[in-house]
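Some notes on the structure that comes next.
None of the values given here were measured: they were computed from a predicted structure. All values below come from the heavy atoms of this structure, side chains included, with hydrogens, waters and symmetry mates left out.
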Amino acid sequence: QKPNEQITPAERVRRKREKPLSVIAGEDSIVLLKNEEEILPLKPIQKVCLIGKVAEAEGGVKDFLLSKDRERKISFIGYEPGYGDSTDISEDRLVDAEKLATKSSIVLIAVGLDEKHSQQARKDKNMRLPANQEALINKIYGLGKRVILLVYGENSYDMAFDQKAS
């Protein structure tokens, strides 16, 4: 959906039949917190990669970037899962994400928690991203790349590190 686009009731019904309700709700509730240096919208000449396990959600940004049906307005060069929940500490995932990021001019990093882990974090009153995801963000920032954080989930997060993101 484009900003200020008026959707007819018939179009909304059609969309609901074709997409899960969670995808529709997500599309209708995306918030852009900041866009320094006018990094968005992405330009066709930019090489873009995606890092982050939470981007694998059905109908998520990974599906969009890999879709053959979308208009090819950006050069998508690859995906690495990075980290999901806080128990995943594989150094190989960090190394693979860093290798991919070095080939990109823009790095999309998808962070947050899935539904199960979001519920537990709310119970624990934990407002931080998992430590492994924060380590991933800091590692990619250290490369000097332009970073766009895509924050998934039902929780509010402490974004003290967001001064580095565009």
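- To the nearest 0.5 angstrom, Ile148 atom CD1 is 4.0 Å from Leu40 atom CG.
- Atom CZ of Phe76 sits about 7.5 Å away from atom SG of Cys49, to the nearest 0.5 Å.
- Between the side chain of Ser104 and the main chain of Val48, no donor-acceptor pair closer than 3.5 Å is present.
- Taking CG of Leu94 as the start and CD1 of Ile140 as the end, the distance is 7.0 Å to the nearest 0.5 Å.
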(message) Working note: Leu143 + Val107, criterion side chain to side chain contact (heavy atoms under 4.5 Å, CB included); need CA distance, chi angles, decisive distance, verdict.
(response) CA-CA 10 Å; Leu143 298 174; Val107 181; over 6 Å; no

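- Under the 3.5 Å distance criterion, the side-chain polar atoms of Tyr83 are left unmatched by any main-chain donor or acceptor of Val111.
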Pair up each side-chain donor or acceptor in residues 95-103 with any protein partner under 3.5 Å, not counting sequence neighbours, and list the distances.
| residue | atom | partner | partner atom | Å |
| --- | --- | --- | --- | --- |
| Thr102 | OG1 | Lys99 | O | 2.6 |

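- Ile39 CD1 to Ile106 CD1: the interatomic distance, rounded to the nearest 0.5 Å, is 3.5 Å.
- Judged purely by atom type and a 3.5 angstrom limit, Glu80 has no side-chain atom pairing as donor or acceptor with the backbone of Arg93.
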(request) May I have the step-by-step check of side chain to side chain contact (heavy atoms under 4.5 Å, CB included) for Val147 and Ile137, ending in yes or no? (result) CA-CA 9 Å; Val147 173; Ile137 293 166; 5.7 Å; no

